[in-house]
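One structure is given below, encoded as structure tokens.
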Number of protein chains: 2
Amino acid sequence: MEKIDMKKIAQEANVSMTLVSQVLNNRNIRVAEATRRRILDVASRYQYVPNRLAAALKLKRTNTIAILVPFTSVGFFSELIYHIESYALDRGYNTLVLNTFGDKKKEENALQFYRSQLADGFLVAAQNVETNRIILSQMKSDSIPLVFIDRFVDGIEAPTVSSDHVETAYELCRKLIDKGKKDIVFIRRVDDPENSTLRGRVAGYARAMESAGLAPDVLDFHFEGDEGSDLLERLASRPAPEAVFLHSGFYMPHLLKTCERLGYGIGAIDFGTVDGFLIPFDFSRAGELFEMMRGNITVAVQDTRGIARRAVDALIETMEAGSSVGPGSFIPVEWKEL
Amino acid sequence: MEKIDMKKIAQEANVSMTLVSQVLNNRNIRVAEATRRRILDVASRYQYVPNRLAAALKLKRTNTIAILVPFTSVGFFSELIYHIESYALDRGYNTLVLNTFGDKKKEENALQFYRSQLADGFLVAAQNVETNRIILSQMKSDSIPLVFIDRFVDGIEAPTVSSDHVETAYELCRKLIDKGKKDIVFIRRVDDPENSTLRGRVAGYARAMESAGLAPDVLDFHFEGDEGSDLLERLASRPAPEAVFLHSGFYMPHLLKTCERLGYGIGAIDFGTVDGFLIPFDFSRAGELFEMMRGNITVAVQDTRGIARRAVDALIETMEAGSSVGPGSFIPVEWKEL
DNA sequence: CTGAAAGCGCTTACAG
DNA sequence: CTGAAAGCGCTTACAG
């Protein structure tokens, strides 16, 4: 089967390429119905599929939204991608996911992508803030439409759609305080310290503690899969806390395993975190731990669907209007206690 | 900041576009070092980024691999994507994930994508077999490089990289038989009946049962999220089984919830499945269930990393050699008992 | 060492 | 109603 293009269709149907293009793209021009049929017939006979590369080159628009997120196989970002892709498709846009794997080099490459014109707009949850600031500001100066999702980069003006991380953390910490806890440690993974989400949560936690006359107590750990974590050592060097505020549910299984190895009386600890978590089937003693924790878990669940839709709307608005929409929006979280 | 292209760089540097292209792409031609510097300087001064659309249009190659998979936020496909992207990048290829959401229309669109030249080759885990057969055979006749991953479509000749689903199911069923179980029901979601993976597992299960003089017993259910499932009714109409072979661990939480609602003595049932599973944090009674199941779970865990790498290798070989590699390969599974 | 020119497959004023 | 022609931004023979 030989390769077919518009030129061949035009020859075969005895019309000009102009007409072929118009008809195939459903432009509402007046064409003789017979001519129209002829063109369509030839196209389908040869199983013609347009070359989007060529069209995009000419039109300077690809009808595609790029989503830049750190890779996660479960949880917040994974759900977010699902909802973004699904909703963007409904709104007539293709999507392109650029995973960064927490790798500076890869995130940089992904961002350089933008000027290679493969996408009309970007939804960005940047991970390596330092690396990205430069590229993101280039994007701004080239007026590439850009919306931050979940997190933002200081100094880059773009709408941000996210939960209100500060308020959420404040409320979560208040809930722990209201249960009578005083010794509440905020546990955070620090591999990504400039992450605005994390910073916001720390700020909300600290404000809640201070306003209750308590001293904020932040414990940092490093994490590279179940192997390279120093959480155990960090926790071992101090007494077991009364309550724990873990900045993201993503690390909850790891935290539980660690607590277990340290021999903590898990039933006595209150846990608060953001976003639900999943326990792996081969997590030994998972059953007992679950039982012990019952009644001591507070979770702020982010509305990934809401965030996704608002972000896509904001980006499309920016792309189509050519103007930046407001300062972004906060999407409310949902609380779960169990 | 004005838009910069090769033409402008050429003018600015007082050379031809040819030279600019050569230098910027590191072609090893002999250029005066001064000229070379000049070109590079101008390019970086204007923050030049090449238009990959234009290059791809000319070269008829994008250096991109498309991955077509049904969307899953956790589990097998999610891990697979991670390993494919990561390894493909190591081998110098960009990737593009096309999620299908189990939607015929969307899968069709995604496949039509192929001839729009946005990718040089495809890794396909097709979900809607009927819809796709036509398009896939078009791809074959256009000699687009294609490798099936995990599952294949009958009648389309392309290498398939996957676990040996038949053998794996046979062995899994044997393990249950060896534990002394006779009443072993195979539970499967039937929304995707032509799925070759599922078919293979049923075949392996049936062979193991028959070779032990037992009657295969397959129970079908429909599933659309936790809401629209008829598993409860299907199970309720019969006595509790001695052992269950669930075709994929993905549905394990759903099965457990259902068993619990039916009041099964879960400790008495042996469970066998393929791929690990994750228990949601808000799964009520998860703890007790975990405890009851201990010692009764057998899982065949697929080697997603191995599958991903082999598949990418096979695809790249096909793309670069222009010739189809062999009939594909099986990647061994790993067994877990707990 | 270097450049002029054709062409990848589209779209769209512009001119009948 | 319809067509000839320019141009999107690259790459690559081909010719000095």
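Proteins come first, then strands; the chains are lettered A, B, ... in the order of their sequence lines, and each starts at number 1.
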Figure out the [atom1]/[atom2] separation between [X] and [N], and round it to whole Å.
X        : N      : atom1 : atom2 : answer
B/Leu118 : C/dG9  : CG    : P     : 14 Å
B/Leu57  : C/dT11 : CG    : P     : 12 Å
A/Arg61  : D/dG9  : CZ    : P     : 17 Å
A/Ile9   : C/dT11 : CD1   : P     : 11 Å
B/Arg36  : C/dT2  : CZ    : P     : 12 Å
A/Asp5   : C/dT11 : CG    : C1'   : 14 Å
B/Gln11  : C/dG3  : CD    : P     : 13 Å
A/Ile4   : C/dC8  : CD1   : P     : 14 Å

Applying side-chain hydrogen bond (donor to acceptor under 3.5 Å, both in side chains), name anything that partners [X], two or more places apart in sequence or on another chain.
X        : result
A/Asp191 : A/Arg189, A/His222
B/Asp303 : none
A/Arg199 : A/Asp154
A/Arg91  : A/Asp313

Using the side-chain hydrogen bond (donor to acceptor under 3.5 Å, both in side chains) rule, take B/Ser196 and B/Arg151 through it: C-alpha gap first, then chi angles, then the decisive distance, then the call.
CA-CA 5 Å; B/Ser196 67; B/Arg151 51 185 70 180; 5.8 Å; no
When all nucleic acid strands are considered with a 4.0 Å heavy-atom cut-off, which category describes B/Lys7: base, sugar-phosphate, or nothing?
nothing
Return the set of residues passing ring pair (Phe, Tyr, Trp, His ring centres under 6.0 Å) with B/Tyr82 (not counting sequence neighbours), or none when no residue passes.
A/Phe71, A/Phe101
When you measure from the side-chain N and O atoms of [X] to the phosphate of [N], is any distance below 4.0 Å, counting only OP1 and OP2?
X       : N      : result
B/Asn51 : D/dC8  : no
A/Tyr48 : C/dC10 : yes
A/Lys8  : C/dG9  : no

In this structure, which stretches of DNA chain D are paired as stems of three or more consecutive Watson-Crick or G-U pairs, both distances less than 3.5 Å?
C:1-3 with D:14-16, C:5-12 with D:5-12, C:14-16 with D:1-3
Heavy-atom nearest nucleotide on DNA chain C for B/Asn14 versus B/Lys60: which residue maps closer to 5'?
B/Asn14
Can you work out whether B/Thr35 or B/Ala54 has the more 5'-proximal nearest nucleotide on DNA chain C?
B/Thr35
Taking only the side-chain heavy atoms of B/Met6 (C-beta and beyond), determine which of D/dC10, C/dC10, D/dT2 contains the nearest atom.
D/dC10
Pairs meeting criterion salt bridge (charged side-chain N to carboxylate O under 4.0 Å, His left out) with involvement of residues 79-88 of chain A, two or more places apart
none
Under the salt bridge (charged side-chain N to carboxylate O under 4.0 Å, His left out) rule, what pairs show up with a residue in residues 54-76 of chain B, not counting sequence neighbours?
none
Could you list, one pair per line, each protein nitrogen or oxygen that sits under 3.5 Å from a nitrogen or oxygen of nucleotides 12-16 of chain C, together with the distance?
residue, atom, partner, partner atom, Å
C/dT12, O4, A/Thr18, OG1, 3.3

When the P atoms of C/dG9 and C/dA13 are compared, how many Å lie between them, rounded to an integer?
23 Å
How far, in whole Å, is C/dT2 from C/dA6 if one measures between their P atoms?
23 Å
Judged by atom type as modelled, is there a donor-acceptor pair below 3.5 Å linking the side chain of A/Asn25 to the main-chain atoms of A/Arg27?
no
By nearest-heavy-atom nucleotide on DNA chain D, the more 5' of A/Val15 and B/Ala55 is A/Val15
I'd like to know if the side chain of B/Asp150 pairs up with that of B/Ser162 as donor and acceptor (distance under 3.5 Å, no hydrogens or angles considered).
no
